[in-house]
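Each remark here refers to the structure printed beneath this line.
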2 protein chains.
Amino acid sequence: MFTDIVLDIFKLSGLLVAEGDVLTKDVGLSSARWKVLGALAHSDGSMTVPQIAYSMGQSRQSVQRLTDAMEGSGILVYQDNPHHKKAKLVALSEKGKEIFELLEQKQIPWANLAADGLNASDMEIALSVLRKMIQRFET
Amino acid sequence: MFTDIVLDIFKLSGLLVAEGDVLTKDVGLSSARWKVLGALAHSDGSMTVPQIAYSMGQSRQSVQRLTDAMEGSGILVYQDNPHHKKAKLVALSEKGKEIFELLEQKQIPWANLAADGLNASDMEIALSVLRKMIQRFET
DNA sequence: GTCATTATGACAACATATTGTCAATATGTA
DNA sequence: TACATATTGACAATATGTTGTCATAATGAC
């Protein structure tokens, strides 16, 4: 059963990336870049690249490339980090905040539609299982 | 909450790919290629490339490239499809079967360790939620 | 303070995945 | 059958992600 869950996570991940790409197309983003915005919004505003990568379960290099591109297009800004000379803090620009809020407005009805018919307590249980699995594989 | 589930699925997918890459390294495979073997094993032995792609929630072109590479390394074989002149049937070669069984032997203890401490009925509920989400996004 | 170890950004090579296009093959409908 | 439509493989461009290496900065042990 655990293996079935793993396979379904792979499959869902692919399907959800496709969904996210559609939702973000209008604003010139992608699922991958949206996830970076989400990670930053989930934190207290700014994180270093390695912190974002850890929170996303990805390599720091892949996130670095995304943030560099998004900084180049004015969605993110690099801020000096008082605690570290090399590791800049990544934060949303004004433009980034606007785009993120736009996406949230599109995402809410999408999530409601997608979650329709799913039992809330079942979803809570599913979430707790996913969280435990993440803990198990996080370094 | 639905959004949290989505973000955790993305994160877990990344972590699980890394796990799979470690497990498959010895036999010269990768998570991506292992998933193709798994899809074939789950079916009745042979499927066309588009069928595999659909079952994996991915584009047929990405799967085509994987199967071409795996056919080249002797893990898969293309068989004539009596129902279709262009769309060959993809099947595991003897070598592919051996490797897949090897991987299963490595995967079983891994899954048991990873699932340790997870409540079985919770896992069933989680699986049902994932299945419903897949149905929602499958074309 | 010194020195070994670790963390970080830059860069590159490669694997994986999506999208798009085109020609050949199927399929469904009149 | 004939024809419009859909499916499929081949090919290419691009985005995403991992791994590896190197130089610089930070950290911890002494």
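FYI, side chains are in, hydrogens and waters are out, and symmetry mates aren't considered; it's all heavy atoms of this structure. Throughout, protein chains are lettered first and strands after them, A, B, ... in sequence-line order, and every chain is numbered starting at 1. Just so we're clear, the structure is a prediction, and the values are computed from it rather than from any experiment.
- Between the P atom of C:dG20 and the CG atom of A:Asp21 lies a distance of 11 Å, rounded to the nearest Å.
- As rounded to whole Å, 13 Å separates atom C1' of C:dA7 from atom CG of A:Asn81.
- Remark on DNA chain D: of its neighbouring residues B:Lys25 and B:Ala87, the 5'-side contact belongs to B:Ala87, judged by nearest-heavy-atom nucleotide.
- Among the protein residues, A:Val63 comes within range of no part of the nucleic acid, since none of its heavy atoms lies under 4.0 Å from any strand.
- For A:His84 and A:Lys35, each mapped to the nucleotide of DNA chain D holding its nearest heavy atom, the one lying further toward the 5' end belongs to A:Lys35.
- A salt bridge between B:Lys97 and B:Glu94 is present, with a side-chain N of the basic residue lying under 4.0 Å from a carboxylate O of the acidic one.
- Counting any heavy atom pair closer than 4.0 Å across all strands shown, B:Ser30 reaches sugar-phosphate atoms only and no base atom.
- If you measure from atom CD of A:Gln58 to atom P of D:dT18, you get 5 Å, rounded to the nearest angstrom.
- The phosphate of C:dT18 (OP1 or OP2) has a side-chain N or O of B:Ser62 nearer than 4.0 angstrom.
- B:Trp34 has its CH2 atom 17 Å from the C1' atom of C:dT16, to the nearest Å.
- The distance between atom CZ of B:Arg60 and atom P of D:dC11, rounded to the nearest whole Å, is 14 Å.
- For A:Lys132 and B:Asp122, the salt-bridge test fails: no basic side-chain N is under 4.0 Å from an acidic carboxylate O.
- The side chain of A:Asp68 lies closest to C:dA10, out of C:dA10, C:dA17, D:dA10.
- In this structure, B:Val17 reaches neither bases nor backbone, as no heavy-atom distance under 4.0 Å exists between it and the strands shown.
- Around CG of A:Asn112, the count of heavy atoms belonging to other residues, nucleotides or ligands within 6.0 Å exceeds 12.
- Using bins of under 30°, 30° to 60° and over 60° for the plane-to-plane angle, the ring pair B:Trp110/A:Phe137 lands in the parallel bin.
- Side chain of B:Thr48 to main chain of B:Lys88: no donor-acceptor pair is present (N/O by atom type, distance under 3.5 Å, no hydrogens or angles).
- A donor-acceptor contact under 3.5 Å links the side chain of A:Gln61 to the base of D:dG20.
- Using a 4.0 Å cut-off, some side-chain N or O of A:Arg33 falls inside it from OP1 or OP2 of D:dT16.
- Counting to the nearest Å, the P atom of D:dT7 and the CD atom of B:Gln64 are 16 Å from each other.
- A:Ile52 places its CD1 atom 12 Å from the P atom of C:dT8, with the value rounded to the nearest Å.
- Between B:Arg65 atom CZ and C:dA15 atom P there is a gap of 9 Å when expressed in whole angstrom units.
- Note on B:Lys86: a base of the nucleic acid sits closer than 4.0 angstrom, heavy atoms only.
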